[in-house]
Amino acid sequence: QVQVVESGGGLVQAGGSLRLSCTVSGLTFDDYAMTWFRQTPGEEREGVSCISWSASKDAYADSVKGRFTISRDNRKNTVYLQMNNLRPEDTAMYYCAVYDYKFCVGLWEEDRGYNYWGQGTQVTVSP
């Protein structure tokens, strides 16, 4: 049984930082690229960042480039999202997902090609 568990969300003031973690079990972690998504009520889920199986390649949404950094530790089956200089518009539920490919190919930022998702961790950024 595959489990995807996010942690690290919380309340932070604008300009602050948070680091999200996502631990996966039940599959061979380094067979897959990993992606962080976010969603606010009434909006579609947005791809934030993707990292390839070996961490050799990554990709970011334009809205977070230069502020967020994705990384992974395959020994710990964990992917991270370091979020700096947070803005109120970053407020959302953040989800981790296992991509069906080893690299961030195709339309990684759309929520197709993902079979395993976590329950999400809430990030709230106050003005």
Side-chain angles (χ1 to χ4, degrees):
Q1 181 181 359
V2 177
Q3 289 190 313
V4 181
V5 181
E6 303 98 334
S7 62
L11 173 63
V12 64
Q13 287 187 327
S17 298
L18 283 174
R19 187 174 86 149
L20 306 183
S21 299
C22 169
T23 300
V24 181
S25 61
L27 52 70
T28 304
F29 185 67
D30 58 7
D31 274 352
Y32 302 94
M34 294 294 298
T35 300
W36 285 97
F37 286 84
R38 65 186 181 187
Q39 189 172 26
T40 54
E43 300 291 329
E44 291 188 358
R45 203 148 38 185
E46 173 192 19
V48 174
S49 183
C50 178
I51 188 166
S52 66
W53 69 279
S54 64
S56 61
K57 300 286 187 183
D58 54 27
Y60 297 89
D62 287 343
S63 57
V64 306
K65 279 181 183 175
R67 301 187 298 122
F68 291 11
T69 302
I70 193 170
S71 61
R72 66 189 291 162
D73 186 342
N74 287 345
R75 298 166 301 173
K76 297 181 179 180
N77 285 12
T78 300
V79 60
Y80 305 96
L81 186 67
Q82 178 66 44
M83 306 185 295
N84 297 329
N85 192 20
L86 282 160
R87 304 168 179 168
E89 55 264 39
D90 295 318
T91 295
M93 184 71 78
Y94 283 71
Y95 298 92
C96 175
V98 181
Y99 200 25
D100 285 350
Y101 305 94
K102 293 179 80 88
F103 292 93
C104 303
V105 296
L107 298 173
W108 66 266
E109 66 272 21
E110 297 186 5
D111 60 359
R112 294 175 290 178
Y114 296 89
N115 286 317
Y116 304 108
W117 294 81
Q119 293 300 304
T121 185
Q122 177 68 37
V123 171
T124 303
V125 184
S126 63

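Both backbone and side-chain heavy atoms feed into the values below; hydrogens, waters and symmetry mates do not. This one's a predicted model, so the numbers in the text were calculated from it and none came from an experiment.
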Q: Any heavy-atom pair between the side chains of V24 and Y116 that's under 4.5 Å?
A: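 Sidechains of V24 and Y116: no contact.
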
Q: In Å and rounded to the nearest 0.5 Å, what is the CD to CG distance from Q1 to L27?
A: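 These two atoms lie 11.5 Å from each other.
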
Q: Is Y60 close to I70 at the side-chain level, that is, under 4.5 Å between some pair of heavy atoms?
A: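 Contact flag for I70/Y60 side chains = yes.
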
Q: Please report the shortest heavy-atom distance between Y99 and G113, naming the atom on each side.
A: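 For Y99 versus G113, the nearest heavy atoms are CD1-O, 3.3 Å.
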
Q: Measure the CG-CZ distance between L20 and R38 for me, rounded to the nearest 0.5 Å.
A: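 Here the rounded value is 11.0 Å.
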
Q: Decide whether Y95 and V125 are clustered together by the hydrophobic rule: side chain heavy atoms of Ile, Leu, Val, Met, Phe, Trp, Tyr closer than 4.5 Å, transitively.
A: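 Different hydrophobic clusters.
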
Q: Charged N to carboxylate O below 4.0 Å: is that the case for D62 and K65?
A: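 Yes, D62 and K65 are salt-bridged.
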
Q: What I want to check is whether the side chains of T121 and S7 have a donor and an acceptor closer together than 3.5 Å.
A: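 Distance-only check fails for T121 and S7.
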
Q: Judged by atom type as modelled, is there a donor-acceptor pair below 3.5 Å linking the side chain of Y80 to the main-chain atoms of D73?
A: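 Checked: no pair found.
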
Q: Return the minimal non-hydrogen interatomic distance between P127 and P88, and the atom names on each side.
A: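 What the structure gives for the nearest pair is CA-CG, 4.0 Å.
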
Q: Is the shortest heavy-atom distance from the side chain of V64 to the side chain of M83 under 4.5 Å?
A: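 Contact flag for V64/M83 side chains = no.
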
Q: For Q119, look at atom CD and say whether over 12 heavy atoms of other residues, nucleotides or ligands are found less than 6.0 Å away.
A: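 No, the 6.0 Å shell around CD holds no more than 12 heavy atoms from other groups.
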
Q: Grab the two heavy atoms, one from L81 and one from W36, that are nearest each other, plus how far apart they are.
A: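 For L81 and W36, the tightest heavy-atom pair comes out as CB-NE1, 3.6 Å.
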
Q: Between S21 and T78, which heavy-atom pair has the shortest distance, and what is it?
A: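 Distance-wise, the nearest heavy atoms are CB-CG2, 4.3 Å.
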
Q: Please tell me whether V48 and W108 are part of a single hydrophobic cluster in this structure, the criterion being side-chain heavy atoms less than 4.5 Å apart.
A: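 Cluster IDs for V48 and W108 differ.
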
Q: Verify the distance criterion only: is there a donor paired with an acceptor across the side chains of S17 and N84 at less than 3.5 Å?
A: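 Yes, a side-chain donor-acceptor pair sits under 3.5 Å.
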
Q: Determine the minimum heavy-atom distance between M93 and G120, stating which atoms define it.
A: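 So the two residues come closest at SD-C, 3.7 Å.
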
Q: Is there side-chain contact between Y32 and Y101, with at least one heavy-atom pair below 4.5 Å?
A: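 Side chain of Y32 against side chain of Y101, heavy atoms only: no contact under 4.5 Å found.
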
Q: Quick check on the hydrophobic clustering: are W117 and V5 connected, directly or via other members, by side-chain heavy-atom contacts under 4.5 Å?
A: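 No.
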
Q: Would R72 and D30 count as a salt bridge (Lys or Arg N to Asp or Glu O under 4.0 Å) here? Give the steps.
A: CA-CA 10 Å; R72 66 189 291 162; D30 58 7; over 6 Å; no

Q: Between Y94 and E6, does the side chain to side chain contact (heavy atoms under 4.5 Å, CB included) criterion hold? Intermediate values first, please.
A: CA-CA 8 Å; Y94 283 71; E6 303 98 334; over 6 Å; no

Q: For the side chain of N74 and the backbone of W53, is there at least one donor-acceptor N/O pair under 3.5 Å apart?
A: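 Present.
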
Q: Measure the spacing between CG of D58 and OG1 of T35 and express it to the nearest 0.5 Å.
A: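 Rounded to the nearest 0.5 Å, the CG-OG1 separation comes to 11.0 Å.
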
Q: Between T91 and T40, is there a side-chain heavy-atom distance shorter than 4.5 Å?
A: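 Contact flag for T40/T91 side chains = no.
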
Q: Rounded to the nearest 0.5 Å, how far apart are OG of S56 and CZ of F103?
A: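 Rounded to the nearest 0.5 Å, the OG-CZ separation comes out at 5.0 Å.
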
Q: Output, in order, the C-alpha distance, side-chain angles, deciding distance and verdict of side chain to side chain contact (heavy atoms under 4.5 Å, CB included) for M34 and C96.
A: CA-CA 7 Å; M34 294 294 298; C96 175; 3.3 Å; yes

Q: How about Y114 and F37: are their ring centres within less than 6.0 Å of each other?
A: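 Ring centroids of Y114 and F37 are less than 6.0 Å from each other.
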
Q: Is the shortest side-chain heavy-atom distance between L86 and F68 below 4.5 Å?
A: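 Result yes, sub-4.5 Å side-chain heavy-atom pair found.
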
Q: Determine whether N115 and D100 satisfy the following criterion, side chain to side chain contact (heavy atoms under 4.5 Å, CB included), listing intermediate values before the conclusion.
A: CA-CA 7 Å; N115 286 317; D100 285 350; 3.3 Å; yes

Q: Return the minimal non-hydrogen interatomic distance between C104 and S52, and the atom names on each side.
A: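 Shortest heavy-atom contact: SG-N, 3.8 Å.
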
Q: Using the rule given for side chain to side chain contact (heavy atoms under 4.5 Å, CB included), can you reason through S126 versus T124, listing the C-alpha separation, both sets of side-chain angles and the distance that settles it, and then say yes or no?
A: CA-CA 6 Å; S126 63; T124 303; 5.8 Å; no

Q: Would you say that more than 12 heavy atoms from the other residues, nucleotides or ligands in this model lie under 6.0 Å from the NZ of K102, or not?
A: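 Yes.
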
Q: With a 6.0 Å cut-off (strictly less than), is the heavy-atom count around CD of E89, excluding the residue itself, greater than 12?
A: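 Correct, the count exceeds 12.
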
